[in-house]
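Below you'll find the structure, written out as C-alpha cells, and then a few comments.
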Amino acid sequence: MPQSTALLDWYDRHHRDLPWRVSPADAALGVLPDPYHVWLSEIMLQQTTVGAVKSYFVAFLHTWPTIEALAAADEDDILRAWAGLGYYSRARNLHKCARSIVADHGGRFPQTIEGLKALPGIGDYTAAAIAAIAFDMPVAVVDGNIERIVSRLYRIADALPAAKKPIKQKMAILTPSERPGDFAQAMMDLGSSLCSPKKPACVLCPFTSNCEAEMAGDMERFPVKAPKKQKPTRRGVAFLIRRADGAIWLQKRPAKGLLASMAQVPTTDWSDKNTGEQFDLATALSHAPDGLKFHKKTGQVTHTFTHFHLLLDVYEATTSHKAPMADGWWSTPLDINGEALPTVFRKVVEFAA
DNA sequence: AATCCGGGGCG
DNA sequence: CGCCCAGGATT
C-alpha cells in the first residue's frame with residue numbers, strides 16, 4: 001500500500017470535525033468545501049492554532065456569510081472582529097483580497113496557483129492549500145507541520161529556510177492525484193498530533209518504518225533550524241484616562257508598523273531606544289497628555305511581541321466628559337469589548353480596573 | 001536571507 | 001521561560 005493511502009486511511013479513522021470542513025458524509029459524495037470558507041480559515045490559521053481560530057471563524061461567517069458581504073464591510077468593523085487574533089495585517093489583507101475577488105474576478109477565486117498568489121495575503125502555502133482543498137488540485141502543500149514530517153521522513157540535513165526547496169520536492173512526490181486536499185489536511189493533522197516537535201508517537205504513525213528519522217532514532221533533530229536571536233526588553237508608559245462614568249479614552253494607531261490601524265490607550269513610544277537601562281522615565285512622562293493629574297498604578301504590565309518584550313508603567317487620571325486631547329474617542333464599559341483593541345492594551349485596561 | 005509582524009498553549 | 005504554530009510582506 002502506498003504511503004499516501006496509509007495516511008488517508010489514518011485520516012478517515014481520526015476525522016476531526018472542524019467548522020471549515022465538510023461532513024464525512026458529504027466528503028464521501030465528493031462534495032468540496034466552499035472556497036470562501038477555505039480561504040477564510042487558511043488566513044486565520046496562519047501561525048495560529050486551531051483552538052484559537054474556531055470561534056473567530058464562526059463569528060466572521062455569521063457576520064459576513066459571503067465574500068460579497070465581506071468585501072462590502074467597513075475595514076474598522078473587520079479589525080474589531082479580528083482583535084485578539086494577532087498579525088493584524090492579515091485582517092487588512094483579508095478585506096483587500098475580498099474586494100479584489102469581487103471587483104476583479106467576478107466573485108470567484110482564481111483556480112491557478114499564480115492567480116491565487118497574486119492576491120493580498122496569499123503566499124506559497126495558502127495558494128497551495130486553497131488549490132488542493134477547495135479545487136482538488138494535486139499540488140504540494142507545505143506548512144510548518146509538513147516541514148517537520150517530511151524533514152523526518154527523509155532526514156533532511158539542511159537547515160530551514162534552505163530546506164524548504166527539497167521539502168517541497170519530496171511533498172510533491174508524496175502527494176496523490178486522488179484526494180490531494182485531504183492528503184494535505186491529513187499531513188497537518190498528523191503533525192499537530194502524533195508527529196509533534198518533541199516525543200513524537202511513532203508507534204501510532206501510519207508511516208510505520210518508512211520514516212528515516214524513526215529508523216535512526218533521532219526524530220527530534222528535525223527539522224534543523226538556525227539558532228534564534230534573543231528578544232530585547234523595551235519600556236514605556238501607558239496613560240489611562242477615565243471619565244466619571246467609567247469610559248476610557250482611546251486613539252487609533254498609525255496605518256503602518258506594529259498593531260497598525262488598531263486602537264490604543266495613549267502611550268509613549270516603545271522604540272528600541274527605550275531598551276533596558278536606556279529608558280528615561282522623566283522624558284517619557286514629558287509626553288503625558290496636558291492638563292491632567294496622573295498617578296502611577298503600582299506594578300507593571302508585561303507583554304511579549306514577536307521580536308521584543310514590553311514593560312509598561314500605567315499612569316491613570318480621571319477627568320470630566322470633555323475630550324482630554326484632539327484625537328481619539330471615549331469608549332464606555334459597554335463598548336470596550338467591541339473595540340479593535342489588541343491584547344496588550346486589554347491588559348492595561350484590565351490591570352487598572 | 002533576514003527582519004518585521006501577535007498571541008496563546010504547552011512542556 | 002522557551003518553543004511552536006494551517007505564513008506573508010518587505011527589505
Side-chain angles (χ1 to χ4, degrees), chain A residues 16 18-21 33 37-57 79 82-94 96-97 116-134 141-149 158-165 171 181-193 195-200 220 223 225-233 253-262 270-272 302-310 340-347:
Chain A
R16 279 202 288 173
L18 298 174
W20 46 88
R21 289 186 177 169
H37 298 185
V38 174
W39 164 70
L40 179 61
S41 67
E42 292 300 341
I43 300 298
M44 287 183 167
L45 286 162
Q46 288 167 2
Q47 298 292 160
T48 310
T49 55
V50 167
V53 164
K54 278 183 182 171
S55 64
Y56 283 87
F57 178 83
L79 289 177
W82 199 276
L85 201 52
Y87 285 141
Y88 298 99
S89 66
R90 291 185 294 173
R92 295 190 303 278
N93 282 333
L94 190 80
K96 285 185 197 162
C97 183
L116 288 165
K117 276 187 66 175
L119 292 163
I122 298 182
D124 284 327
Y125 163 75
T126 306
I130 294 172
I133 299 171
V141 180
V142 179
D143 76 323
N145 287 305
I146 293 172
E147 283 176 352
R148 184 169 57 256
I149 299 172
D158 304 319
L160 291 169
K164 282 177 179 290
K165 193 169 287 181
M171 185 61 183
D182 284 347
F183 180 76
Q185 294 179 87
M187 288 285 277
M188 293 188 274
D189 280 9
L190 185 72
S192 66
S193 56
C195 197
S196 46
K198 304 204 177 213
K199 299 188 183 305
E220 292 190 15
K225 294 190 177 181
K228 298 195 172 178
K229 262 180 38 176
Q230 71 167 24
K231 297 174 180 177
T233 297
R253 293 177 60 83
K256 288 185 181 296
L258 186 72
L259 307 175
S261 300
M262 300 294 284
W270 317 326
S271 64
D272 51 13
T302 68
H303 191 74
T304 299
F305 292 95
T306 314
H307 51 296
F308 66 95
H309 304 287
L310 180 63
L341 206 58
T343 296
V344 61
F345 296 111
R346 294 195 184 268
K347 285 185 182 176

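Letters A, B, ... mirror the listed sequences (proteins, then strands); counts begin at 1. Bear in mind that the values here come from a model prediction, so they are computed numbers and not experimental data. Just so it is clear, the values below take in all heavy atoms, side chains as well, and ignore hydrogens, waters and symmetry mates.
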Q) Can A:Arg253 and A:Leu258 be said to form a side chain to side chain contact (heavy atoms under 4.5 Å, CB included), step by step? A) CA-CA 9 Å; A:Arg253 293 177 60 83; A:Leu258 186 72; 4.0 Å; yes
**Q.** Sub-4.5 Å side-chain heavy-atom contact between A:Ile122 and A:Ile130
**A.** yes
Q: Would you classify A:Ser196 as touching base, sugar-phosphate or nothing, given that sugar-phosphate means primed atoms plus P, OP1 and OP2, and contacts are heavy atoms under 4.0 Å?
A: nothing
Q. What does A:Gly84 touch in the nucleic acid at a heavy-atom separation under 4.0 angstrom: a base, only the sugar-phosphate, or nothing?
A. sugar-phosphate
Q: Identify the heavy atoms of A:Lys54 and A:Leu18 that sit nearest to each other, and give their distance.
A: CE-CD2, 3.6 Å
Q. In terms of the nearest nucleotide of DNA chain C, which residue is placed more toward the 5' end: A:Lys231 or A:Asp124?
A. A:Lys231
Q.
Give me the atom names and distance for the closest heavy-atom approach of A:Arg346 to A:Ala83.
A. NH2-CB, 4.3 Å
Q: Specify the separation, in whole Å, of atom OH of A:Tyr87 and atom P of C:dC5.
A: 12 Å
Q: For A:Tyr88 and C:dG7, give me the distance from atom OH to atom P, rounded to whole Å.
A: 17 Å
Every protein N/O within reach of nucleotides 1-3 of chain C N/O, cut-off under 3.5 Å:
none

Q | Touch class at under 4.0 angstrom, heavy-atom based, for A:Gly51 against every strand present | A | nothing
Q | Interatomic distance at P, B:dG6 relative to C:dT11, whole Å | A | 16 Å
Q: Would you indicate whether the side-chain heavy atoms of A:Trp20 and A:Leu45 approach each other to under 4.5 Å?
A: yes
Q: Please work out if A:Arg21 contacts a base, only the sugar-phosphate, or nothing of the nucleic acid, heavy-atom cut-off 4.0 Å.
A: base
Q.
Heavy atoms only, 4.0 Å cut-off, all strands: where does A:Trp20 land among base, sugar-phosphate and nothing?
A. base
Q | Pairing residues for A:His303 by the ring-ring contact (aromatic ring centres under 6.0 Å, His included) criterion, not counting sequence neighbours | A | A:Phe305
Q) Given atom CG of A:Leu190 and atom C1' of C:dC5, what is their separation to the nearest angstrom? A) 16 Å
Q | Integer-rounded Å distance: C:dC5 P and A:Asp143 CG | A | 8 Å
(Q) What's A:Leu18 touching, base or sugar-phosphate or nothing? Going by heavy atoms closer than 4.0 Å. (A) base
(Q) Looking only at side-chain N and O atoms, does A:Arg90 offer a donor or acceptor that is under 3.5 Å from a partner on A:Thr48? (A) yes
(Q) So A:Ile146, base contact, sugar-phosphate only, or nothing? Heavy-atom distance under 4.0 Å. (A) nothing
Q. Mind checking whether A:Thr302 and A:His309 have side chains closer than 4.5 Å, heavy atoms only?
A. no
Q) Using a heavy-atom cut-off of 4.0 Å to chain A, what are the terminal contacting nucleotides of DNA chain B, in 5' to 3' order? A) B:dC4 to B:dG8
Q) Closest approach of A:Ala128 and A:Val141, non-hydrogen atoms and distance? A) O-CG2, 3.6 Å
Q. Does the pair A:Tyr125 and A:Gln46 meet the rule for a side-chain hydrogen bond (donor to acceptor under 3.5 Å, both in side chains), with working shown?
A. CA-CA 9 Å; A:Tyr125 163 75; A:Gln46 288 167 2; over 6 Å; no
Q: Return the set of residues passing salt bridge (charged side-chain N to carboxylate O under 4.0 Å, His left out) with A:Arg21 (not counting sequence neighbours), or none when no residue passes.
A: A:Asp189
Q. Looking only at heavy atoms, what is the nearest atom pair of A:Pro120 and A:Cys97, with distance?
A. O-CB, 3.6 Å
Q. How do A:Ala162 and A:Val344 order along DNA chain B: which one's closest nucleotide is nearer the 5' end?
A. A:Ala162
Q) For A:Ser41, which contact category applies under a 4.0 Å heavy-atom criterion: base, sugar-phosphate, or nothing? A) nothing
Q: Measure the distance from CD on A:Gln46 to P on C:dG7 and round it to the nearest whole Å.
A: 7 Å
**Q.** Pairing residues for A:Pro161 by the side-chain contact (heavy atoms from CB on, under 4.5 Å) criterion, not counting sequence neighbours
**A.** A:Lys164
Q.
Regarding A:Arg148, tell me which of base, sugar-phosphate or nothing describes its non-hydrogen contacts under 4.0 Å with the strands shown.
A. sugar-phosphate
Tabulate protein N/O versus nucleotide N/O from nucleotides 9-11 of chain C, keeping only pairs under 3.5 Å, one per line.
| residue | atom | partner | partner atom | Å |
| --- | --- | --- | --- | --- |
| C:dA9 | OP1 | A:Gly121 | N | 2.8 |

(Q) Over all strands shown, is A:Thr306 touching base, sugar-phosphate only, or nothing at heavy-atom distances under 4.0 angstrom? (A) base
